[in-house]
Amino acid sequence: MAETAAPASVTSTVEPAAPSGNKSSPEAPTTAPRPAEKPGKPETKRWADEEDDPPEEPEKKDDAPAPSNSDPEVNLAELKITENKFLDDPEDSNISAVTASDTPYTSASSFEDLNLSPDVLKGLYVEMQFKKPSKIQAITLPMILTPPYKDLIAQAHNGSGKTTCFVLGMLSRIDPNIKAPQALCICPTRELAIQNLEVLQKMGKYTGITAECAIPTDRTSSTSAQSRPPVSAQIVIGTPGTIKRLMSTKKIGVSRVKILVFDEADHMLAEDGFKDDSLRIMNDIKRYSSHCQVLLFSATFNEKVTNFVSKVIKGGGNQLFVKKEELSLEAVKQYKVYCPDELAKIDVIKSKIFELGEKLGQRIIFVRTKNSARMLHQQLVQDGYAVTTIQGALNAEDRDKIVKEFKDGLTQVLISTDLLARGFDQQQINCVVNYDLPIKYREGPRTRDPPEPDYEVYLHRIGRAGRFGRKGAVFNLICGDWDESTMSKIEQYFNSPVTEVENTEEAFEGALKAAGLL
DNA sequence: AAAAAAT
(Lines give C-alpha, C1' and ligand atoms only; values in the text may rest on other atoms or scores of the structure.)
Protein backbone atom coordinates (compact mmCIF):
# COMPACT_ATOMS: atom_id res chain seq x y z
CA MET A 1 0.00 0.00 0.00
CA ALA A 2 1.43 3.26 -0.93
CA GLU A 3 -0.25 4.73 2.04
CA THR A 4 2.07 7.60 2.41
CA ALA A 5 2.39 10.94 0.89
CA ALA A 6 0.08 11.74 -1.90
CA PRO A 7 1.51 10.93 -5.27
CA ALA A 8 3.01 14.32 -5.48
CA SER A 9 1.68 17.33 -7.10
CA VAL A 10 -1.83 17.39 -8.23
CA THR A 11 -4.73 18.02 -6.10
CA SER A 12 -7.79 16.85 -4.46
CA THR A 13 -7.33 13.37 -3.31
CA VAL A 14 -4.86 12.67 -0.67
CA GLU A 15 -3.48 9.65 0.91
CA PRO A 16 -2.50 11.07 4.21
CA ALA A 17 0.55 9.87 5.89
CA ALA A 18 -0.22 6.88 7.94
CA PRO A 19 -1.56 7.50 11.40
CA SER A 20 1.17 9.39 13.08
CA GLY A 21 0.33 10.57 16.46
CA ASN A 22 -2.95 12.23 16.68
CA LYS A 23 -2.68 15.71 15.49
CA SER A 24 -5.92 16.56 13.90
CA SER A 25 -3.87 17.39 10.98
CA PRO A 26 -4.73 19.45 7.99
CA GLU A 27 -6.30 18.11 4.97
CA ALA A 28 -4.09 19.31 2.28
CA PRO A 29 -1.45 17.02 1.07
CA THR A 30 1.99 17.96 0.09
CA THR A 31 4.09 20.73 1.27
CA ALA A 32 3.16 24.28 1.63
CA PRO A 33 4.94 27.36 2.73
CA ARG A 34 5.72 27.27 6.37
CA PRO A 35 6.30 30.86 7.25
CA ALA A 36 6.83 32.05 10.72
CA GLU A 37 3.87 32.49 12.92
CA LYS A 38 2.42 35.86 12.78
CA PRO A 39 0.43 37.24 15.61
CA GLY A 40 -2.64 37.90 13.59
CA LYS A 41 -4.98 36.28 16.05
CA PRO A 42 -8.61 36.48 15.15
CA GLU A 43 -10.45 37.78 18.09
CA THR A 44 -12.69 34.85 18.25
CA LYS A 45 -14.66 33.74 21.13
CA ARG A 46 -17.43 31.38 21.71
CA TRP A 47 -19.94 30.34 24.22
CA ALA A 48 -18.77 27.18 25.74
CA ASP A 49 -15.22 28.03 25.27
CA GLU A 50 -12.39 25.72 25.28
CA GLU A 51 -9.36 25.99 23.17
CA ASP A 52 -9.00 25.34 19.59
CA ASP A 53 -7.86 22.28 17.90
CA PRO A 54 -9.46 22.60 14.60
CA PRO A 55 -10.65 19.68 12.69
CA GLU A 56 -11.80 20.05 9.23
CA GLU A 57 -12.83 18.48 6.12
CA PRO A 58 -10.44 17.37 3.56
CA GLU A 59 -10.57 17.56 -0.05
CA LYS A 60 -11.14 14.63 -2.16
CA LYS A 61 -13.16 13.24 -4.87
CA ASP A 62 -16.71 14.21 -5.07
CA ASP A 63 -19.63 14.54 -7.21
CA ALA A 64 -20.99 13.08 -10.27
CA PRO A 65 -23.79 13.64 -12.66
CA ALA A 66 -26.59 15.74 -11.51
CA PRO A 67 -30.24 15.14 -11.73
CA SER A 68 -31.49 18.14 -13.48
CA ASN A 69 -34.03 19.80 -11.42
CA SER A 70 -35.01 23.04 -12.83
CA ASP A 71 -33.37 25.39 -15.19
CA PRO A 72 -30.44 23.47 -16.51
CA GLU A 73 -28.17 25.49 -18.61
CA VAL A 74 -24.52 25.88 -18.49
CA ASN A 75 -22.42 22.98 -17.61
CA LEU A 76 -18.87 23.74 -17.08
CA ALA A 77 -16.40 22.64 -14.57
CA GLU A 78 -15.63 19.54 -16.47
CA LEU A 79 -12.28 20.45 -17.83
CA LYS A 80 -10.37 20.74 -14.62
CA ILE A 81 -12.27 17.89 -13.20
CA THR A 82 -11.06 15.36 -15.66
CA GLU A 83 -7.56 16.51 -14.98
CA ASN A 84 -7.88 15.62 -11.41
CA LYS A 85 -8.86 12.11 -11.89
CA PHE A 86 -5.53 10.50 -11.88
CA LEU A 87 -5.17 10.55 -8.20
CA ASP A 88 -7.18 7.82 -6.70
CA ASP A 89 -10.45 9.04 -7.89
CA PRO A 90 -12.56 5.95 -7.85
CA GLU A 91 -14.81 6.42 -10.70
CA ASP A 92 -13.75 9.47 -12.53
CA SER A 93 -16.89 11.13 -11.55
CA ASN A 94 -18.24 13.45 -14.12
CA ILE A 95 -19.47 16.47 -12.46
CA SER A 96 -22.35 18.19 -13.92
CA ALA A 97 -23.40 21.38 -12.45
CA VAL A 98 -26.74 22.87 -13.06
CA THR A 99 -26.23 26.55 -13.04
CA ALA A 100 -28.40 29.49 -13.64
CA SER A 101 -28.06 30.59 -17.19
CA ASP A 102 -26.65 34.04 -16.97
CA THR A 103 -23.56 33.54 -14.92
CA PRO A 104 -20.74 31.51 -16.37
CA TYR A 105 -18.33 30.00 -13.92
CA THR A 106 -14.91 28.58 -14.37
CA SER A 107 -13.70 25.84 -12.15
CA ALA A 108 -10.83 26.98 -9.96
CA SER A 109 -7.62 25.06 -10.38
CA SER A 110 -5.91 26.95 -7.61
CA PHE A 111 -6.96 29.05 -4.68
CA GLU A 112 -5.34 32.00 -6.38
CA ASP A 113 -8.04 31.87 -9.01
CA LEU A 114 -10.62 32.86 -6.45
CA ASN A 115 -9.70 36.40 -5.54
CA LEU A 116 -9.47 35.46 -1.93
CA SER A 117 -7.94 38.00 0.39
CA PRO A 118 -4.26 37.52 1.19
CA ASP A 119 -5.17 36.84 4.79
CA VAL A 120 -7.49 34.05 3.82
CA LEU A 121 -4.98 32.59 1.38
CA LYS A 122 -2.38 32.59 4.09
CA GLY A 123 -4.77 30.74 6.36
CA LEU A 124 -5.33 28.14 3.68
CA TYR A 125 -1.66 27.54 3.01
CA VAL A 126 -0.08 28.11 6.36
CA GLU A 127 -2.67 26.96 8.81
CA MET A 128 -4.61 24.41 6.83
CA GLN A 129 -1.70 23.39 4.64
CA PHE A 130 -3.95 23.12 1.67
CA LYS A 131 -2.42 23.08 -1.68
CA LYS A 132 -5.15 23.06 -4.21
CA PRO A 133 -8.91 23.10 -4.11
CA SER A 134 -10.60 19.73 -3.94
CA LYS A 135 -13.08 18.97 -6.64
CA ILE A 136 -16.11 20.22 -4.81
CA GLN A 137 -14.17 23.31 -3.84
CA ALA A 138 -12.99 23.95 -7.36
CA ILE A 139 -16.51 23.90 -8.64
CA THR A 140 -18.55 25.53 -5.94
CA LEU A 141 -16.20 28.26 -4.80
CA PRO A 142 -16.54 30.28 -7.99
CA MET A 143 -20.28 29.92 -7.67
CA ILE A 144 -20.22 31.05 -4.08
CA LEU A 145 -17.78 33.90 -4.48
CA THR A 146 -18.80 35.41 -7.78
CA PRO A 147 -21.38 38.17 -7.78
CA PRO A 148 -24.31 38.21 -7.95
CA TYR A 149 -23.90 35.69 -5.15
CA LYS A 150 -26.45 33.13 -6.09
CA ASP A 151 -27.90 30.55 -3.81
CA LEU A 152 -26.36 27.11 -3.99
CA ILE A 153 -27.36 23.56 -3.28
CA ALA A 154 -24.30 21.37 -3.24
CA GLN A 155 -24.00 17.68 -2.65
CA ALA A 156 -20.63 16.03 -2.32
CA HIS A 157 -19.17 12.90 -0.81
CA ASN A 158 -18.41 12.58 2.84
CA GLY A 159 -15.00 13.87 3.68
CA SER A 160 -14.57 15.72 0.42
CA GLY A 161 -14.11 19.20 1.76
CA LYS A 162 -17.52 20.80 1.96
CA THR A 163 -16.76 22.69 5.13
CA THR A 164 -14.01 24.60 3.42
CA CYS A 165 -16.44 25.70 0.74
CA PHE A 166 -18.82 27.45 3.02
CA VAL A 167 -16.19 28.65 5.45
CA LEU A 168 -14.40 30.42 2.62
CA GLY A 169 -17.73 31.75 1.47
CA MET A 170 -18.43 33.23 4.86
CA LEU A 171 -14.95 34.62 5.42
CA SER A 172 -14.95 36.25 2.03
CA ARG A 173 -18.19 38.08 2.42
CA ILE A 174 -17.50 39.80 5.71
CA ASP A 175 -17.09 43.54 5.76
CA PRO A 176 -14.40 44.05 8.42
CA ASN A 177 -15.75 47.44 9.33
CA ILE A 178 -19.10 46.15 10.42
CA LYS A 179 -19.03 44.61 13.87
CA ALA A 180 -22.26 42.69 13.63
CA PRO A 181 -23.35 39.28 12.36
CA GLN A 182 -22.99 39.10 8.59
CA ALA A 183 -22.77 35.35 8.14
CA LEU A 184 -24.76 32.62 9.80
CA CYS A 185 -24.18 28.89 9.72
CA ILE A 186 -26.79 26.49 11.05
CA CYS A 187 -25.83 22.96 12.07
CA PRO A 188 -27.81 20.03 13.45
CA THR A 189 -25.72 19.45 16.58
CA ARG A 190 -23.66 21.51 18.94
CA GLU A 191 -20.68 19.26 18.22
CA LEU A 192 -20.79 20.11 14.56
CA ALA A 193 -21.18 23.80 15.28
CA ILE A 194 -18.09 23.73 17.47
CA GLN A 195 -16.14 21.77 14.89
CA ASN A 196 -17.08 24.19 12.14
CA LEU A 197 -16.14 27.14 14.28
CA GLU A 198 -12.76 25.58 14.89
CA VAL A 199 -12.17 25.16 11.19
CA LEU A 200 -13.23 28.70 10.55
CA GLN A 201 -10.99 30.06 13.27
CA LYS A 202 -8.05 28.22 11.88
CA MET A 203 -8.69 29.17 8.30
CA GLY A 204 -9.49 32.74 9.22
CA LYS A 205 -6.66 33.13 11.66
CA TYR A 206 -5.07 36.03 9.83
CA THR A 207 -8.23 37.87 8.92
CA GLY A 208 -9.22 39.37 12.23
CA ILE A 209 -12.77 38.34 11.53
CA THR A 210 -14.71 37.49 14.65
CA ALA A 211 -16.75 34.35 15.05
CA GLU A 212 -18.79 32.79 17.76
CA CYS A 213 -20.83 29.70 18.50
CA ALA A 214 -24.51 29.93 19.38
CA ILE A 215 -25.28 26.58 20.90
CA PRO A 216 -27.16 25.37 23.93
CA THR A 217 -25.30 25.68 27.19
CA ASP A 218 -26.04 23.69 30.25
CA ARG A 219 -29.37 24.96 31.33
CA THR A 220 -28.43 25.05 34.95
CA SER A 221 -26.87 28.42 34.47
CA SER A 222 -29.77 30.81 34.26
CA THR A 223 -27.35 33.38 33.03
CA SER A 224 -27.55 32.02 29.55
CA ALA A 225 -30.47 33.64 27.86
CA GLN A 226 -31.69 37.07 28.83
CA SER A 227 -28.60 38.44 30.42
CA ARG A 228 -26.59 37.59 27.39
CA PRO A 229 -25.24 40.60 25.56
CA PRO A 230 -26.09 41.02 21.89
CA VAL A 231 -23.93 39.02 19.53
CA SER A 232 -21.31 41.23 17.97
CA ALA A 233 -19.31 38.53 16.20
CA GLN A 234 -19.28 38.81 12.44
CA ILE A 235 -19.87 35.13 11.91
CA VAL A 236 -22.21 33.05 14.01
CA ILE A 237 -22.27 29.26 13.88
CA GLY A 238 -24.89 27.44 15.85
CA THR A 239 -27.82 25.13 16.26
CA PRO A 240 -31.32 26.03 15.08
CA GLY A 241 -33.08 26.49 18.40
CA THR A 242 -30.46 28.74 19.88
CA ILE A 243 -30.06 30.81 16.75
CA LYS A 244 -33.78 31.18 16.41
CA ARG A 245 -34.11 32.32 19.94
CA LEU A 246 -31.25 34.77 19.74
CA MET A 247 -32.87 36.21 16.68
CA SER A 248 -36.29 36.54 18.22
CA THR A 249 -34.84 38.19 21.30
CA LYS A 250 -32.85 40.52 19.06
CA LYS A 251 -29.56 39.28 20.36
CA ILE A 252 -28.64 38.52 16.80
CA GLY A 253 -29.34 41.35 14.43
CA VAL A 254 -30.53 40.03 11.15
CA SER A 255 -30.39 43.04 8.89
CA ARG A 256 -26.74 42.74 7.93
CA VAL A 257 -26.66 39.03 7.32
CA LYS A 258 -25.66 38.45 3.73
CA ILE A 259 -24.80 34.80 3.72
CA LEU A 260 -26.72 32.00 5.39
CA VAL A 261 -25.32 28.47 5.42
CA PHE A 262 -27.06 25.25 6.28
CA ASP A 263 -24.65 22.45 6.98
CA GLU A 264 -26.21 18.99 6.63
CA ALA A 265 -28.88 20.87 4.79
CA ASP A 266 -31.04 17.90 3.89
CA HIS A 267 -31.52 17.16 7.53
CA MET A 268 -31.97 20.79 8.39
CA LEU A 269 -34.83 21.00 5.93
CA ALA A 270 -36.43 17.61 6.45
CA GLU A 271 -39.84 17.13 7.98
CA ASP A 272 -38.47 14.99 10.75
CA GLY A 273 -35.45 17.18 11.08
CA PHE A 274 -35.26 20.90 11.67
CA LYS A 275 -37.47 22.09 8.88
CA ASP A 276 -39.62 24.46 10.89
CA ASP A 277 -36.77 26.16 12.67
CA SER A 278 -34.72 26.40 9.52
CA LEU A 279 -37.50 27.96 7.49
CA ARG A 280 -38.24 30.36 10.25
CA ILE A 281 -34.65 31.50 10.37
CA MET A 282 -34.45 31.75 6.61
CA ASN A 283 -37.62 33.77 6.34
CA ASP A 284 -36.74 36.11 9.17
CA ILE A 285 -33.47 36.88 7.53
CA LYS A 286 -34.86 37.30 4.07
CA ARG A 287 -37.50 39.65 5.35
CA TYR A 288 -34.88 42.13 6.48
CA SER A 289 -32.04 41.23 4.25
CA SER A 290 -33.51 40.39 0.91
CA HIS A 291 -30.27 39.69 -0.90
CA CYS A 292 -29.00 37.14 1.53
CA GLN A 293 -27.19 34.30 -0.19
CA VAL A 294 -28.25 30.84 0.96
CA LEU A 295 -25.88 27.88 0.78
CA LEU A 296 -27.06 24.32 1.34
CA PHE A 297 -24.47 21.59 1.78
CA SER A 298 -24.77 17.89 2.47
CA ALA A 299 -23.56 14.50 1.34
CA THR A 300 -27.14 13.35 1.01
CA PHE A 301 -30.26 14.78 -0.50
CA ASN A 302 -33.01 12.24 -0.86
CA GLU A 303 -35.69 12.74 -3.44
CA LYS A 304 -38.23 14.21 -1.12
CA VAL A 305 -35.94 16.81 0.39
CA THR A 306 -34.49 17.64 -2.98
CA ASN A 307 -37.89 18.51 -4.30
CA PHE A 308 -38.62 20.68 -1.35
CA VAL A 309 -35.23 22.31 -1.32
CA SER A 310 -35.42 23.16 -4.98
CA LYS A 311 -38.59 25.05 -4.24
CA VAL A 312 -37.01 26.93 -1.41
CA ILE A 313 -34.07 28.01 -3.49
CA LYS A 314 -36.07 28.40 -6.65
CA GLY A 315 -34.88 29.66 -9.97
CA GLY A 316 -31.66 31.58 -9.82
CA GLY A 317 -29.66 29.18 -7.73
CA ASN A 318 -26.90 26.77 -8.64
CA GLN A 319 -27.16 23.08 -7.97
CA LEU A 320 -24.78 20.16 -7.75
CA PHE A 321 -25.88 16.61 -7.17
CA VAL A 322 -24.35 13.17 -6.99
CA LYS A 323 -26.08 9.95 -7.91
CA LYS A 324 -26.77 7.83 -4.88
CA GLU A 325 -25.07 4.84 -6.45
CA GLU A 326 -21.87 6.83 -6.53
CA LEU A 327 -21.94 8.12 -3.01
CA SER A 328 -20.35 5.24 -1.14
CA LEU A 329 -16.68 5.86 -0.66
CA GLU A 330 -14.63 3.32 -2.50
CA ALA A 331 -11.83 3.38 0.00
CA VAL A 332 -14.18 2.21 2.73
CA LYS A 333 -14.92 -1.50 2.71
CA GLN A 334 -18.28 -2.59 4.04
CA TYR A 335 -18.84 -5.84 5.88
CA LYS A 336 -21.65 -7.61 7.65
CA VAL A 337 -21.41 -10.06 10.51
CA TYR A 338 -24.28 -12.36 11.33
CA CYS A 339 -24.97 -12.51 15.02
CA PRO A 340 -27.49 -15.00 16.41
CA ASP A 341 -28.33 -12.80 19.36
CA GLU A 342 -27.46 -9.72 21.34
CA LEU A 343 -24.75 -11.49 23.26
CA ALA A 344 -23.05 -12.39 20.04
CA LYS A 345 -23.04 -8.75 19.05
CA ILE A 346 -21.36 -7.80 22.27
CA ASP A 347 -18.87 -10.58 21.77
CA VAL A 348 -17.98 -9.23 18.35
CA ILE A 349 -17.40 -5.83 19.85
CA LYS A 350 -15.15 -7.22 22.53
CA SER A 351 -13.16 -9.83 20.70
CA LYS A 352 -12.93 -8.21 17.31
CA ILE A 353 -13.43 -4.49 17.54
CA PHE A 354 -11.46 -4.11 20.73
CA GLU A 355 -8.93 -6.87 20.95
CA LEU A 356 -8.23 -7.37 17.31
CA GLY A 357 -8.84 -3.71 16.71
CA GLU A 358 -5.91 -2.69 18.85
CA LYS A 359 -3.92 -2.59 15.70
CA LEU A 360 -6.34 -0.19 14.15
CA GLY A 361 -6.88 3.50 14.47
CA GLN A 362 -9.80 4.98 16.27
CA ARG A 363 -13.16 3.26 16.08
CA ILE A 364 -16.70 4.46 16.48
CA ILE A 365 -19.68 2.28 17.35
CA PHE A 366 -23.11 3.53 16.40
CA VAL A 367 -26.20 2.49 18.31
CA ARG A 368 -29.82 3.42 17.78
CA THR A 369 -30.89 4.69 21.17
CA LYS A 370 -29.45 6.50 24.12
CA ASN A 371 -30.41 3.57 26.23
CA SER A 372 -28.55 1.00 24.22
CA ALA A 373 -25.61 3.39 24.26
CA ARG A 374 -25.68 3.32 28.03
CA MET A 375 -26.15 -0.43 28.21
CA LEU A 376 -23.41 -1.29 25.80
CA HIS A 377 -21.12 1.13 27.54
CA GLN A 378 -21.81 -0.47 30.86
CA GLN A 379 -21.28 -3.99 29.56
CA LEU A 380 -17.92 -3.07 28.14
CA VAL A 381 -16.65 -1.03 31.03
CA GLN A 382 -17.67 -3.75 33.39
CA ASP A 383 -15.33 -6.09 31.59
CA GLY A 384 -12.52 -3.63 31.61
CA TYR A 385 -12.68 -2.29 28.08
CA ALA A 386 -11.66 1.31 27.59
CA VAL A 387 -14.53 3.04 25.92
CA THR A 388 -16.33 6.34 26.13
CA THR A 389 -19.86 7.12 25.09
CA ILE A 390 -21.64 10.17 23.82
CA GLN A 391 -25.36 10.75 23.45
CA GLY A 392 -27.70 13.66 23.75
CA ALA A 393 -28.77 13.06 27.31
CA LEU A 394 -25.34 13.91 28.63
CA ASN A 395 -24.80 17.48 29.66
CA ALA A 396 -22.97 19.84 27.40
CA GLU A 397 -19.83 19.82 29.44
CA ASP A 398 -19.52 16.05 29.34
CA ARG A 399 -20.26 15.94 25.65
CA ASP A 400 -17.54 18.44 24.96
CA LYS A 401 -15.12 16.52 27.10
CA ILE A 402 -15.83 13.17 25.45
CA VAL A 403 -15.41 14.65 21.99
CA LYS A 404 -12.27 16.47 22.92
CA GLU A 405 -10.66 13.38 24.41
CA PHE A 406 -11.48 11.45 21.30
CA LYS A 407 -10.21 14.15 18.97
CA ASP A 408 -7.06 14.41 21.02
CA GLY A 409 -6.55 10.69 20.59
CA LEU A 410 -6.81 9.99 24.31
CA THR A 411 -9.59 7.50 23.67
CA GLN A 412 -9.67 4.91 20.94
CA VAL A 413 -13.21 3.61 20.87
CA LEU A 414 -16.29 5.76 21.06
CA ILE A 415 -19.91 4.67 21.32
CA SER A 416 -22.35 7.13 19.88
CA THR A 417 -25.94 7.59 18.92
CA ASP A 418 -26.59 9.31 15.64
CA LEU A 419 -25.52 12.46 17.38
CA LEU A 420 -22.18 12.02 15.65
CA ALA A 421 -23.47 10.34 12.51
CA ARG A 422 -23.15 13.49 10.48
CA GLY A 423 -20.20 15.71 9.85
CA PHE A 424 -17.98 14.54 12.66
CA ASP A 425 -14.49 14.80 11.29
CA GLN A 426 -11.79 12.77 12.92
CA GLN A 427 -9.26 11.55 10.47
CA GLN A 428 -7.90 8.70 12.50
CA ILE A 429 -11.18 6.87 12.52
CA ASN A 430 -10.71 3.93 10.21
CA CYS A 431 -13.36 1.61 11.55
CA VAL A 432 -17.07 2.17 11.98
CA VAL A 433 -19.40 -0.34 13.58
CA ASN A 434 -23.14 -0.32 13.15
CA TYR A 435 -24.14 -2.07 16.33
CA ASP A 436 -27.69 -1.29 15.25
CA LEU A 437 -28.52 -0.57 11.65
CA PRO A 438 -30.10 2.81 11.09
CA ILE A 439 -33.82 2.61 10.46
CA LYS A 440 -36.47 5.19 9.90
CA TYR A 441 -38.68 5.96 12.81
CA ARG A 442 -42.25 4.87 12.37
CA GLU A 443 -45.10 6.29 14.25
CA GLY A 444 -48.38 4.59 14.72
CA PRO A 445 -49.20 1.06 15.70
CA ARG A 446 -46.67 -1.69 15.45
CA THR A 447 -46.43 -3.57 12.25
CA ARG A 448 -45.13 -6.87 11.18
CA ASP A 449 -43.43 -5.23 8.28
CA PRO A 450 -39.70 -4.91 8.41
CA PRO A 451 -38.53 -1.38 9.05
CA GLU A 452 -37.32 0.96 6.35
CA PRO A 453 -33.61 1.57 6.42
CA ASP A 454 -32.47 5.11 6.94
CA TYR A 455 -30.22 5.28 3.91
CA GLU A 456 -28.99 8.75 4.54
CA VAL A 457 -27.94 8.03 8.09
CA TYR A 458 -26.21 4.86 6.94
CA LEU A 459 -24.16 6.80 4.45
CA HIS A 460 -23.28 9.49 6.94
CA ARG A 461 -22.25 6.97 9.56
CA ILE A 462 -19.91 5.05 7.31
CA GLY A 463 -18.55 8.34 6.10
CA ARG A 464 -16.98 8.86 9.54
CA ALA A 465 -14.30 6.52 8.27
CA GLY A 466 -12.44 7.22 5.11
CA ARG A 467 -12.12 10.92 5.60
CA PHE A 468 -10.24 12.55 2.86
CA GLY A 469 -9.84 9.37 0.89
CA ARG A 470 -8.32 7.36 3.69
CA LYS A 471 -8.95 3.67 3.94
CA GLY A 472 -11.56 2.33 6.27
CA ALA A 473 -13.78 -0.57 7.23
CA VAL A 474 -17.39 -0.77 8.30
CA PHE A 475 -18.86 -3.68 10.22
CA ASN A 476 -22.61 -4.07 10.28
CA LEU A 477 -23.85 -6.41 12.99
CA ILE A 478 -26.82 -8.32 11.65
CA CYS A 479 -29.17 -9.93 14.10
CA GLY A 480 -32.42 -11.42 12.87
CA ASP A 481 -34.57 -11.26 9.76
CA TRP A 482 -35.32 -7.59 10.00
CA ASP A 483 -31.67 -6.67 10.10
CA GLU A 484 -31.03 -8.93 7.19
CA SER A 485 -33.75 -7.30 5.17
CA THR A 486 -32.58 -3.83 6.16
CA MET A 487 -29.04 -4.65 5.15
CA SER A 488 -29.97 -5.97 1.76
CA LYS A 489 -32.11 -2.95 1.03
CA ILE A 490 -29.16 -0.75 1.82
CA GLU A 491 -26.93 -2.75 -0.47
CA GLN A 492 -29.40 -2.39 -3.27
CA TYR A 493 -30.05 1.27 -2.71
CA PHE A 494 -26.43 2.26 -3.02
CA ASN A 495 -25.61 -0.62 -5.30
CA SER A 496 -22.64 -1.33 -3.13
CA PRO A 497 -21.89 -4.87 -2.03
CA VAL A 498 -21.47 -5.61 1.64
CA THR A 499 -19.31 -8.65 2.20
CA GLU A 500 -20.12 -11.21 4.83
CA VAL A 501 -17.48 -11.85 7.45
CA GLU A 502 -17.56 -14.83 9.74
CA ASN A 503 -17.20 -14.24 13.40
CA THR A 504 -13.71 -15.63 13.63
CA GLU A 505 -10.37 -14.04 14.15
CA GLU A 506 -9.05 -15.24 10.81
CA ALA A 507 -12.01 -13.88 8.95
CA PHE A 508 -11.74 -10.48 10.58
CA GLU A 509 -8.06 -10.28 9.95
CA GLY A 510 -8.71 -11.09 6.35
CA ALA A 511 -11.36 -8.42 6.17
CA LEU A 512 -9.15 -5.80 7.72
CA LYS A 513 -6.33 -6.71 5.37
CA ALA A 514 -8.64 -6.49 2.42
CA ALA A 515 -9.67 -3.08 3.63
CA GLY A 516 -6.04 -2.08 3.72
CA LEU A 517 -5.94 -1.60 7.45
CA LEU A 518 -3.52 -4.30 8.47
C1' DA B 1 -37.68 7.97 19.66
C1' DA B 2 -31.45 10.55 17.34
C1' DA B 3 -31.26 15.47 17.81
C1' DA B 4 -32.31 20.82 19.31
C1' DA B 5 -34.70 23.39 22.74
C1' DA B 6 -38.19 25.27 25.36
C1' DT B 7 -42.91 25.12 26.76
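Letters go in sequence order (proteins before strands), and every chain restarts at 1.
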Nucleotide B:dA1, atom P - distance to CG of A:Asp272 in whole Å: 14 Å
Closest listed nucleotide, where the reference is the side chain of A:Arg245 and the choices are B:dA6, B:dA4, B:dA1: B:dA6
Sugar-phosphate, base or nothing in reach of A:Pro240, heavy atoms under 4.0 Å: nothing
Matching residue for A:Tyr458 among A:Asn434, A:Thr300, A:Thr486, A:Asn476 - test: side-chain hydrogen bond (donor to acceptor under 3.5 Å, both in side chains): A:Asn476
Interatomic distance where CD belongs to A:Gln391 and P belongs to B:dA1 [whole Å]: 14 Å
Given B:dA3, B:dA2, B:dA4, the nucleotide with the shortest approach to the side chain of A:Asp418: B:dA2
Closest listed nucleotide, where the reference is the side chain of A:Glu191 and the choices are B:dA2, B:dA4, B:dA3: B:dA4
B:dA2 phosphate, OP1 or OP2, under 4.0 Å from A:Thr189 side-chain N/O: no
salt_bridge(A:Asp400, A:Lys404) N-O dist < 4.0 Å: no
Residue-phosphate contact under 4.0 Å: A:Arg399 side-chain N/O, B:dA3 OP1/OP2: no
Touch class at under 4.0 angstrom, heavy-atom based, for A:Lys370 against every strand present: sugar-phosphate
Sugar-phosphate only, base, or nothing, as touched by A:Arg422 at under 4.0 Å among non-hydrogen atoms: nothing
Atom pair distance, as rounded to whole Å: CD in A:Glu271 and C1' in B:dA1: 17 Å
Separation of B:dA4 P from A:Ile281 CD1 (nearest whole Å): 14 Å
Partner residues of A:Lys440 under the side-chain contact (heavy atoms from CB on, under 4.5 Å) criterion, sequence neighbours left out: A:Glu452, A:Asp454, A:Tyr455
Rounded interatomic separation in angstrom, taking CG from A:Leu269 and C1' from B:dA3: 15 Å
Between B:dA2 (P) and A:Leu459 (CG): distance, integer Å: 22 Å
A:Phe274-B:dA3 aromatic stacking (under 5.5 Å, under 30°): no
Electrostatic pair A:Lys244:A:Asp284 at N-O distance under 4.0 angstrom: no
Those residues that, when tested against A:Lys304, pass salt bridge (charged side-chain N to carboxylate O under 4.0 Å, His left out) (two or more places apart): none
Rounded distance in Å - CZ (A:Phe424) to P (B:dA2): 20 Å
Whole-Å distance separating the CG atom of A:Leu420 from the P atom of B:dA3: 10 Å
Nearest-neighbour nucleotide for the A:Arg190 side chain, B:dA1, B:dA3, B:dA4 considered: B:dA4
